[in-house]
Amino acid sequence: METDKKIILFDGVCNLCNGAIQFVIKHDKNDVFRYAALQSEIGQKLIHDRGIDTSKLDSIILIEPGVAYYAKSEAALEITKAFGGLWAALQIFQWVPTSLRDVIYDFVAKNRYRWFGKKDQCMIPTPELQAKFL
């Protein structure tokens, strides 16, 4: 299933990731994004179609259909770009080399289950949010 919306793939069992998705939904005033867990059937198809190696990347992926996909800190910055307003100030981090940003990102990602916990299954969206999930 393809869409003209940007797609955020996230770790559906990670409490930090689920919190981040709730945050994005709250700030996505222009309805730019759709969401899918990495573990879901559609998430796996989107990953496979793009040849993404999830052994090296297992937290957040932003897919801009027909354009590109972004991972880790690059995905986070691309997502906040869509919020507008004061969030645009975070784009200053684009000047920090991706390799340095991703060291910090990877450190948090590596420890996310220990620090924030893990669910037994992927988040089930409320009926109001169901349309935003693929």
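Quick note: residue numbers are just sequence positions, from 1.
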Indicate yes or no: at least one non-hydrogen side-chain atom of V108 is less than 4.5 angstrom from one of L16.
yes
Measure from the side-chain N and O atoms of R101 to the backbone N and O of P97, and report whether any donor-acceptor pair falls under 3.5 Å.
no
Is N111 reaching over with its side chain to a backbone N or O of W115, donor-acceptor style, under 3.5 angstrom?
no
Flag, side chain of R112 to backbone of C14, donor-acceptor distance under 3.5 Å
no
If you draw a 6.0 Å radius around CD in E41, do more than 12 non-hydrogen atoms from other residues or ligands fall strictly inside?
no
Got a sec: does the CZ of F83 have more than 12 other heavy atoms crowding it under 6.0 Å?
yes
Can you name the one residue among L62, D28, V32, L90 that meets side chain to side chain contact (heavy atoms under 4.5 Å, CB included) with I79?
L62
Would you say E64 and Y70 make side-chain contact, with heavy atoms under 4.5 Å?
yes
Does C17 offer a backbone N or O that forms a donor-acceptor pair with the side chain of D11 under 3.5 Å?
no
Roughly how far, to the nearest 0.5 Å, is NZ of K81 from CD of Q94?
5.5 Å
Shortest non-hydrogen separation from I7 to P65 and the atoms involved
CD1-CG, 4.4 Å
Output for pair (F33 CZ, F133 CZ), nearest 0.5 Å, gives 13.0 Å
Mind checking the CZ-CD1 spacing from F10 to I61? Nearest 0.5 Å is all I need.
12.0 Å
Donor-acceptor contact present, side-chain Q39 to main-chain G12, <3.5 Å:
yes
Rounded to the nearest 0.5 Å, what's the gap from NZ on K5 to OH on Y35? Could you check?
10.0 Å
Measuring from Q44:CD to I52:CD1, what's the distance to the nearest 0.5 Å?
10.5 Å
Look at D31 together with K132 and state whether they make a salt bridge at an N to O cut-off of under 4.0 Å.
yes
Using side chain to side chain contact (heavy atoms under 4.5 Å, CB included) as the criterion, point out the one residue from E74, K110, K72 that pairs with Y105.
K72
In a check of side chain to side chain contact (heavy atoms under 4.5 Å, CB included) between L9 and each of I60, L38, I42, which one passes?
L38
Could you state whether F107 and V96 fall into the same hydrophobic cluster, counting links through intermediate Ile, Leu, Val, Met, Phe, Trp or Tyr residues with side-chain heavy atoms under 4.5 angstrom apart?
no
Tell me which one of L46, I8, D49 satisfies side chain to side chain contact (heavy atoms under 4.5 Å, CB included) with I63.
L46
Between Q91 (side chain) and L77 (backbone), is there a donor-acceptor pair under 3.5 Å?
yes
Applying salt bridge (Lys or Arg N to Asp or Glu O under 4.0 Å), name anything that partners D102, two or more places apart in sequence or on another chain.
none
F23 ring center near W87 ring center (under 6.0 Å):
yes
